[in-house]
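Side chains included, hydrogens not; waters and symmetry mates left out as well; all remaining heavy atoms used.
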Amino acid sequence: MHEIFPVIRQSLTITLFVLSMMLIIEYLNVFSKGIWGNKLKTSVWKQILLAAFLGIIPGCLGAYTAVSLYIHNVIGTAALATAMIATSGDEAFFMFSIIPETAILISILLFFIAIASGFIVNMFIKKDSGMVHYKESHLEVHSHESDCFCFNKKDIIANFKHLTTLRAILIIVIGGALATILFFGGEGHDEHMEILSVPEGVHVHPEWIRFTFIAVLSISLLMVFTVNDHFLEGHIWEHIIKKHLIRILLWTFFTLLLLHFVNQYLDLEKIIGDNIYLVLLIAVLVGIIPESGPHLLFIILFASGSLPFSILLANSIVQDGHGSLPLLAETRKGFLIIKAINIIVGLLIGFIGIAAGV
């Protein structure tokens with residue numbers, strides 16, 4: 001039973017970090033009032049460039065925006081393929097939580113691979129005519145949002161005069177985690193609660209993780225202090241906690257638990273090394289699943305030193321998290337075309353990486 005406690009701690013730590021980053025992305029989207037969804041000028045290269053930027057935004061908001069723009073005939077197939085190659089969905093949050101250095105590298109590589117792929121796709125595929133239109137946006141920007149819900153002195157004072165239960169819980173949880181990291185998460189404090197612990201064998205620099213946690217949690221705490229009750233209830237509670245908390249926690253916990261016991265009986269590094277091309281194929285096929293969670297396995301395997309970088313990159317190219325779900329709902333043909341492009345690019349990059357020994 002004592003072996004499960006570190007897994008529980010690791011799962012809670014990663015989940016808190018992922019949700020905090022989601023809060024920041026949600027905040028930026030609402031603060032900008034979804035400005036990234038405005039119509040583009042008829043320029044393919046601008047569409048592809050914007051799509052690449054949307055794609056590397058952690059989470060699914062950028063991908064949702066790209067799909068919405070595609071359905072509304074604002075961007076073409078090349079730009080949509082660009083966005084889907086660049087995006088890693090919620091898995092980007094996981095990568096930034098346990099392998100931040102690698103996450104930055106993958107984001108940069110995905111950005112340029114996506115742009116190059118977009119221009120190649122544009123040479124062969126033109127956007128279908130007669131595309132179905134969305135009746136509603138997948139971006140959660142409410143029409144009654146206030147012009148500014150942040151850094152207003154009167155509003156901040158009012159937030160604490162009429163402190164809601166949700167705000168109080170968030171302050172305690174985020175503030176407590178931040179305090180633990182600041183006072184007990186540094187070097188020389190291994191005897192205390194290791195909130196920054198990651199799976200055994202992770203090949204990252206602990207200080208990277210520590211500073212990343214401090215930055216993300218500090219920004220999240222500042223937002224909880226300053227945003228109004230509508231943002232807390234309508235966005236943090238409804239869009240982040242209710243929709244993602246349990247799913248992220250369970251996927252993280254069971255993935256870590258599975259690998260914890262598998263590593264005790266199997267030499268995963270040797271098994272993967274002996275079947276590298278089969279593992280690449282599996283990573284690419286799993287990437288087809290329009291769901292965040294199954295791909296966490298490849299992130300943990302890479303972090304533990306059992307998986308080559310090239311396979312993690314290939315999986316990141318193919319998988320889109322929930323980003324492609326709206327596309328699947330509206331046009332199965334479009335979904336299949338985009339996934340086929342993703343698979344081709346993912347396999348190609350994977351083969352090149354394996355051949356180069358990466």
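- Ser107 and Ile56 make their closest contact through O-CG2, 3.7 Å (heavy atoms, listed as atom of the first residue, atom of the second, distance).
- Going from atom CG of Asp229 over to atom CG of Leu166 covers 9.0 Å, rounded to the nearest 0.5 Å.
- Proximity of Ile282 to Ile311: side-chain heavy atoms (C-beta onward) are nowhere separated by under 4.5 Å.
- Under the 4.5 Å side-chain heavy-atom criterion for grouping Ile, Leu, Val, Met, Phe, Trp and Tyr, Trp45 is connected to Leu50 within one hydrophobic cluster.
- With hydrophobic clusters built from ILVMFWY side chains whose heavy atoms lie under 4.5 angstrom apart, Ile352 does not share a cluster with Leu281.
- Of all non-hydrogen atoms in Ser20 and Val216, the two that sit nearest each other are CB-CG1, 3.6 Å.
- Under a hydrophobic clustering in which Ile, Leu, Val, Met, Phe, Trp and Tyr are joined whenever their side-chain heavy atoms come within less than 4.5 Å, directly or via other members, Val345 and Met123 fall into the same cluster.
- Side-chain atoms of Glu91 never come within 3.5 Å of backbone atoms of Ser316 as a donor-acceptor pair (strictly under, hydrogens ignored).
- Ala78 and Val121 get closest at one heavy-atom pair: CA-CG1, 3.9 Å.
- Residues Val44 and Phe124 are members of one and the same hydrophobic cluster, defined by side-chain heavy-atom contacts under 4.5 angstrom among Ile, Leu, Val, Met, Phe, Trp and Tyr.
- Proximity of a side-chain donor or acceptor of Thr226 to a complementary backbone N or O of Leu222 within less than 3.5 Å is detected.
- The CD1 atom of Ile241 sits 7.0 Å away from the CG atom of Leu19 when rounded to the nearest 0.5 Å.
- A heavy-atom distance below 4.5 Å is found between the side chains of Ile338 and Thr77.
- When side chains are defined from C-beta on, Leu217 does not count as touching Leu221, because their heavy atoms never get closer than 4.5 Å.
- From His230, atom NE2 reaches atom CD1 of Ile236 across 11.0 Å, with rounding to the nearest 0.5 Å.
- Looking only at side-chain heavy atoms (C-beta outward), Pro100 and Ile104 stay at 4.5 Å or farther from each other.
- For the pair Asn342 and Asp320, the minimum side-chain heavy-atom distance is below 4.5 Å.
- Looking at heavy atoms from C-beta onward, Phe253 lies in side-chain contact with Ile8 at the 4.5 angstrom threshold.
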Apply side-chain contact (heavy atoms from CB on, under 4.5 Å) to Phe111 and Leu49, showing your working.
CA-CA 9 Å; Phe111 180 77; Leu49 189 61; 4.0 Å; yes
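- In this structure a side-chain-to-backbone donor-acceptor pair under 3.5 Å is present from Ser310 to Val358.
- Counted within 6.0 Å of CZ on Phe119, heavy atoms from surrounding residues, nucleotides or ligands total more than 12; the atom is thus considered enclosed.
- With rounding to the nearest 0.5 angstrom, the CE atom of Met95 is 10.5 Å from the CG atom of Leu296.
- The minimum heavy-atom distance between Ala314 and Gly346, with the atom names listed, is CB-O, 3.4 Å.
- Contact record, Leu54 with Ala66: CD1-N, 4.2 Å, taken as the closest heavy-atom pair.
- Proximity of Phe309 to Leu105: side-chain heavy atoms (C-beta onward) are separated by under 4.5 Å at one or more points.
- A distance of 10.0 Å separates CD1 of Ile48 from CD1 of Ile120, quoted to the nearest 0.5 Å.
- Arg167 places a side-chain N or O within donor-acceptor distance of the main-chain N or O of Val227, the cut-off being under 3.5 Å.
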Before you tell me yes or no, could you show the steps for Leu170 and Leu232 under side-chain contact (heavy atoms from CB on, under 4.5 Å), namely the whole-Å CA-CA distance, both residues' side-chain angles and the distance that decides it to 0.1 Å?
CA-CA 10 Å; Leu170 290 172; Leu232 279 179; 3.7 Å; yes
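- Placement of Phe351 and Ile349 within a single hydrophobic cluster is found when ILVMFWY residues are connected by side-chain heavy-atom separations under 4.5 Å, directly or transitively.
- Atom CG of residue Leu250 and atom CG of residue Leu245 lie 9.0 Å apart, to the nearest 0.5 angstrom.
- Annotation: side chain of Ile24 is in contact with side chain of Ser220 (closest heavy-atom distance under 4.5 Å).
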Any chance you could lay out the side-chain contact (heavy atoms from CB on, under 4.5 Å) test for Val224 and Leu23, step after step, and finish with the verdict?
CA-CA 9 Å; Val224 171; Leu23 188 160; 4.3 Å; yes
From CA spacing to verdict: side-chain contact (heavy atoms from CB on, under 4.5 Å), Phe94, Ile99:
CA-CA 8 Å; Phe94 289 108; Ile99 45 172; over 6 Å; no
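- The closest donor-acceptor contact from the side chain of Asn315 to the backbone of Ala283 lies under 3.5 Å.
- The minimum heavy-atom distance linking Phe335 with Ile288 is given by the pair CZ-O, 4.2 Å.
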